[in-house]
Amino acid sequence: MNALLEPVLDWYEANARDLPWRRPGASAWSVMVSEFMLQQTPVARVLPVFDQWMARWPTPEALAAEAPGEAVRTWGRLGYPRRALRLHAAAQAIVEHHGGVVPDDIDALRALPGVGDYTSAAIASFAYQQSHVVLDTNVRRVFARVAGGTAYPASAVSAVERRLGETLKPLERADRWAIAVMELGALVCTSTSPDCPRCPVRDICRWRALDYPAYDGPPRRGQTYAGTDRQVRGKLLAALRDHEGPVTIDVLDATWHEAAQRMRALDSLVADGLVELVGDDLYGLPT
DNA sequence: AAGACGTGGAT
DNA sequence: TATCCAAGTCT
């Protein structure tokens, strides 16, 4: 018996956001696109890019027919542009191996580029209403607090969490349960300022019962950014996105002062397939 | 199995 | 202003 089930499902019924990939009739492809875009990226920033993307490429086949550089360009400033490349490659794999239809088998999904444990479970659950344990950062935080009595989960998914996910997963409507817990984590049981008074399971929350003990685990990995290769890669790619065609090296030189780091970043972009050397000192997005 | 990998809004 | 961090994946 899962004491969380009904309160969380009822809360979701009343509080779920109206998002395009959740609407009735939303295609499996739209669910897949949304999941790629939402990896480490807030909903508010995904929405406009998602709309452009789906208008231009309403099917895997449409995207697969394009140059990967167009995917990278349309990705815009969502961040982690390798996701755009992987989504493009996944679309090509879907066309080549699955008849252009987003597969409904979780293992087939998991084999696609850019699709890991979370995304495969999410697509199978939300596009095909299957029953899977879906462990994203929201679900893991809710579990850690309600059941574990701690402020945050560990950095990596544990066997205990998977077991808990299996235990709590209802026989019916498992997909709705999954999205409901995710939504609760996203809107109420947030990382920094949880809104416990509005929480449907506050009365059975272990973390609350213990009076919110502070996180005492190992330091959570902080992301430095200023001055890193990541920042330089971002500037280089932004310059390439902002030009119609290939750019000369001097355009790229203007994006960062330190030559050694600039070259290292450019080389890594080429190695990742995000940038192509198209001529003598001429660079462009992949064709 | 830590660390790399973008970006911008919130605090 | 500095730090946090948002539906992870890959190596």
Side-chain angles (χ1 to χ4, degrees), chain A residues 12 16-17 19-22 30-50 72 75-87 89-90 109-127 132-143 151-158 161 175 178-187 189-195 215 218-241 255-256 261 264-265 267-269 271-275:
Chain A
Y12 182 73
R17 289 169 290 182
L19 300 172
W21 47 86
R22 285 183 187 167
S30 74
V31 171
M32 179 169 165
V33 170
S34 75
E35 290 302 339
F36 268 75
M37 291 184 174
L38 287 164
Q39 292 169 1
Q40 301 282 282
T41 308
V43 166
R45 287 180 43 215
V46 164
L47 285 169
V49 182
F50 174 86
V72 173
W75 198 258
R77 307 187 68 78
L78 274 186
Y80 293 144
R82 290 191 291 198
R83 290 182 292 167
L85 228 42
R86 290 173 182 152
L87 182 52
L109 288 165
R110 182 68 176 77
L112 296 170
V115 178
D117 289 336
Y118 162 74
T119 301
S120 56
I123 296 172
S125 298
F126 307 144
H132 298 283
V133 173
V134 180
L135 290 177
D136 80 324
T137 189
N138 291 303
V139 174
R140 296 188 62 221
R141 188 174 53 251
V142 171
F143 283 4
Y152 297 107
S155 60
V157 174
S158 69
E161 285 177 285
D175 59 310
I179 196 62
V181 181
M182 286 176 64
E183 192 80 334
L184 183 64
L187 299 183
C189 193
T190 60
S191 180
T192 305
S193 52
D195 191 1
Y215 177 76
R220 307 160 71 211
R221 72 167 184 272
Q223 309 165 320
T224 54
Y225 183 62
T228 61
D229 286 5
R230 294 163 72 178
Q231 184 182 22
V232 183
R233 285 166 56 105
K235 289 187 177 301
L236 290 168
L237 211 52
L240 286 160
R241 277 197 312 264
T255 62
W256 192 255
Q261 187 179 30
R264 185 169 69 243
D267 285 347
S268 74
L269 286 170
D272 287 347
L274 284 163
V275 174

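What you see is a predicted model; the values in this text were computed from it and never measured. Below, all heavy atoms of this structure are taken into account, side chains as well, without hydrogens, waters or symmetry copies.
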Using a cut-off of 4.0 Å on non-hydrogen atoms, how would the nucleic acid contact of [X] be classed: base, sugar-phosphate, or nothing?
X: Leu19(A); value: base
X: Val139(A); value: nothing
X: Leu78(A); value: base
X: Trp75(A); value: nothing
X: Arg17(A); value: base
X: Gly116(A); value: sugar-phosphate
X: Thr41(A); value: base
X: Tyr152(A); value: sugar-phosphate
X: Ala186(A); value: sugar-phosphate

How far, in whole Å, is [M] from [N] if one measures between their [atom1] atoms?
N: dG8(C); M: dA1(B); atom1: C1'; answer: 16 Å
N: dT11(B); M: dA7(C); atom1: P; answer: 15 Å
N: dT1(C); M: dG8(B); atom1: C1'; answer: 15 Å
N: dC5(C); M: dC5(B); atom1: C1'; answer: 15 Å

What's the separation between atom [atom1] in [X] and atom [atom2] in [Y], rounded to the nearest 0.5 Å?
X: Leu38(A); Y: Arg45(A); atom1: CG; atom2: CZ; result: 11.0 Å
X: Thr255(A); Y: Arg233(A); atom1: OG1; atom2: CZ; result: 13.0 Å
X: Arg83(A); Y: Thr41(A); atom1: CZ; atom2: OG1; result: 3.5 Å

Rounded distance in Å - [atom1] ([X]) to [atom2] ([N]):
X: Leu47(A); N: dG9(B); atom1: CG; atom2: C1'; value: 15 Å
X: Arg83(A); N: dG8(C); atom1: CZ; atom2: P; value: 9 Å
X: Asn138(A); N: dA6(C); atom1: CG; atom2: P; value: 7 Å
X: Gln39(A); N: dG8(C); atom1: CD; atom2: P; value: 7 Å
X: Asp272(A); N: dC5(B); atom1: CG; atom2: C1'; value: 9 Å
X: Leu135(A); N: dA6(C); atom1: CG; atom2: P; value: 16 Å
X: Met37(A); N: dT9(C); atom1: CE; atom2: P; value: 16 Å
X: Leu85(A); N: dG8(C); atom1: CG; atom2: P; value: 20 Å

Using side chain to side chain donor-acceptor pair (under 3.5 Å) as the criterion, list what pairs up with Arg140(A), not counting sequence neighbours. Glu161(A)
Could you tell me which residues satisfy side chain to side chain donor-acceptor pair (under 3.5 Å) with Glu183(A), sequence neighbours excluded, listed by chain and number? Arg17(A), Arg22(A)
Residue whose nearest DNA chain C nucleotide is more 5′ - Arg45(A) or Leu112(A):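 The residue mapped nearer the 5' terminus is Arg45(A).
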Between Thr190(A) and Arg110(A), whichever has its closest DNA chain C nucleotide further toward 5' is Thr190(A)
Residue-phosphate contact under 4.0 Å: Ser34(A) side-chain N/O, dA7(C) OP1/OP2: no
Quick one: is Arg82(A) getting a side-chain N or O under 4.0 Å of the dC10(C) phosphate, OP1 or OP2? no
Nearest listed nucleotide, side chain of [X], among [options]:
X: Arg77(A); options: dT7(B), dT9(C), dA7(C); value: dT7(B)
X: Ser191(A); options: dT9(C), dC5(B), dC5(C); value: dC5(C)
X: Arg141(A); options: dG8(B), dG8(C), dA7(C); value: dA7(C)
X: Gln40(A); options: dG6(B), dT9(C), dT7(B); value: dG6(B)
X: Arg230(A); options: dC5(B), dG8(C), dC10(C); value: dC5(B)
X: Thr137(A); options: dT7(B), dC5(C), dA7(C); value: dA7(C)
X: Arg86(A); options: dC10(C), dT7(B), dG6(B); value: dC10(C)
X: Tyr80(A); options: dG8(B), dA7(C), dC5(B); value: dC5(B)

Contact summary for Tyr118(A) and Glu35(A), nearest pair of heavy atoms: OH-OE1, 2.8 Å
Heavy atoms of Gln39(A) and Thr119(A) approach each other most closely as NE2-OG1, 3.0 Å
Residue whose closest nucleotide on DNA chain B lies nearer the 5' end, Pro42(A) versus Thr192(A):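 Of the two residues, Pro42(A) wins.
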Please identify which of these residues, Leu236(A), Leu237(A), Val72(A), meets the side-chain contact (heavy atoms from CB on, under 4.5 Å) condition with Val275(A). Leu237(A)
